[in-house]
Number of protein chains: 2
Amino acid sequence: MVASKVAQRREARIASIVEAAWSLAHEQGIQVFSLRDLATEVGVQQPSLYTYFDSKNALYDAMFADGNQQLLETLDSVDLPDDAEAALKVCLRVVADFAVEDPERYSLLFSRVIPGFEPSAESYAVAQEVLGHVVVAADAAGVTNQGDIDCLVAVTAGLIDSQMSNEPGGDRWLQHLDRMIDLLVDDATNRSVR
Amino acid sequence: MVASKVAQRREARIASIVEAAWSLAHEQGIQVFSLRDLATEVGVQQPSLYTYFDSKNALYDAMFADGNQQLLETLDSVDLPDDAEAALKVCLRVVADFAVEDPERYSLLFSRVIPGFEPSAESYAVAQEVLGHVVVAADAAGVTNQGDIDCLVAVTAGLIDSQMSNEPGGDRWLQHLDRMIDLLVDDATNRSVR
DNA sequence: ATCATTACCTATCACTGATAGGAAGTCAAG
DNA sequence: CTTGACTTCCTATCAGTGATAGGTAATGAT
């Protein structure tokens, strides 16, 4: 069952709109770019966007899925070292770099800056897939307990968030990422063997 | 130099507006409550609010200072145990409870959810005073290195944020707060004596 | 009692996301 | 090739937002 010509065209159009939306988000901010500006960028009138998205939040949902897909591909493209803990470090470092690289994307994916926006089940599934990568890496490094994984994720997120909020572009907080991972992994493995 | 009658009345009026704003923020969300609704709540027409605040962001600034002042008073009112590490734990637990207690306040104080809002120097100073409390407690517990303090703060923030984002009202993440503090304090002290 | 200041009003602005309803274009079946 | 359904896009318009202009009444210090 091939995608019909119409469906293909529609899909491509949606992708181009999402791309233009990212561009505007970078220029003006993810929360404040207007659908009129987006329509202009795409060469169309504002109400025409509603042919593709039921609401601005539906557009955000597509961007959310797209952003997580980007992260997924980034994670897949990196080749991990054999040592499991080193691999975990690389994995989380990739996430941190991905976040720092694009603050607006970070806002949409990891902060709750859009009032009323909740990712759809489909988009959320992509985000879960990303989390799955981290869980696999943590598991391989001996961090199998759910609570320990939660801490690992939360600590990484905390460092990323502090970094971006207080010193965007610097490394005052993220320089400690590897050490924090060491601490957590050691603690987790120690407690699991006792 | 006593405050003039006019200044007193004005100050009280501002306080009552800020209070009403918090109330609306709780009902509708910190980002989306409208100045018209706020004006109605206060018994006034919307443009009249501009007598007290130059913009909605100026109102947010007053709320930001007010919220940090609340946290400051909460921290001051708690009496800490003699043991320095225990005191640090209590201190950070109080911050966590304060955050969880009021998500909208948390959003304004610790997330960046209001586009274009930057706290004024005066309001930021109150936030710095809060941070000062934590730094003092950390210092007493032997966490004197700036990097270690940064980690302590970031980790606490990470746990709070994960908790509120993923399981508001629960304790899946915050149950690990004390253990994380233990880890960080131990690591910090160990590295400082080597 | 006067008068400047403060507080509040009405009217209106530009802009936002969203909806209604119609016209043109596109594609596939007969 | 023509027909007819579907898709895409348009104009016009809506209610709601933060913000500004300009005028009026209340207030308090002199």
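Note that the structure is a prediction, hence the values are computed from the model and not measured. Naming convention: chains lettered A, B, ... in sequence-line order (proteins, then strands); numbering from 1 in each chain. Below, each value reflects all heavy atoms present in this structure, side chains not excepted, and no hydrogens, waters or symmetry copies.
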Quickly work out the [X] [atom1] to [N] [atom2] distance and round it to whole Å.
X	N	atom1	atom2	answer
I14(A)	dT8(D)	CD1	C1'	12 Å
F53(A)	dT8(D)	CZ	P	12 Å
Q45(A)	dC9(D)	CD	C1'	9 Å
Q8(B)	dG28(D)	CD	P	11 Å
L49(B)	dA19(D)	CG	C1'	12 Å

Please determine if D148(B) and R179(A) form a salt bridge, counting it only when a charged side-chain N lies under 4.0 Å from a carboxylate O.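 The answer is yes: the pair qualifies as a salt bridge.
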Quick one: which of dT10(C), dT27(D), dC9(D) gets closest to the side chain of S48(A)?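 Out of dT10(C), dT27(D), dC9(D), the nucleotide with an atom closest to S48(A)'s side chain is dC9(D).
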Could you check which of dC10(D), dA7(C), dT26(C) has an atom nearest any side-chain atom of R9(B)?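 Output: dA7(C).
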Any R10(A) side-chain N or O less than 4.0 Å from OP1/OP2 of dT8(D):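 R10(A) to dT8(D) OP1/OP2: side-chain N or O found under 4.0 Å.
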Strictly below 4.0 Å: does R13(A) bring a side-chain N or O up to OP1 or OP2 of dC9(D)?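 For dC9(D), OP1 or OP2 has a side-chain N or O of R13(A) closer than 4.0 Å.
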With K56(B) as the cation and Y50(B) as the aromatic partner, state whether NZ or CZ is under 6.0 Å from the six-membered ring centre and within 45° of the axis.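 Geometry flag: not set, cation outside 6.0 Å or 45°.
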Can you tell which of T156(A), L88(A), D178(A) makes a side-chain contact (heavy atoms from CB on, under 4.5 Å) with R93(A)?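 For R93(A), the side-chain contact (heavy atoms from CB on, under 4.5 Å) test succeeds with only one of T156(A), L88(A), D178(A), which is D178(A).
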Indicate for each nucleotide in nucleotides 11-24 of chain C, in 5' to 3' sequence, whether protein heavy atoms under 4.0 Å reach the base (B), only the sugar-phosphate (S), or nothing (-). B----BBBB-----
Give every residue pair that meets the salt bridge (charged side-chain N to carboxylate O under 4.0 Å, His left out) criterion with at least one member in residues 160-172 of chain B, sequence neighbours excluded.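 Qualifying pairs, neighbours excluded: D150(A)-R172(B).
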Are V78(B) and L71(B) linked, directly or through intermediate hydrophobic residues, by side-chain heavy-atom contacts shorter than 4.5 Å (ILVMFWY only)?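 In one cluster: yes.
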Using the ring-ring contact (aromatic ring centres under 6.0 Å, His included) rule, collect all pairs that involve residues 68-122 of chain B, keeping only residues at least two apart or in two chains.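 Sorted pair list: F64(B)-F117(B), Y106(B)-F110(B).
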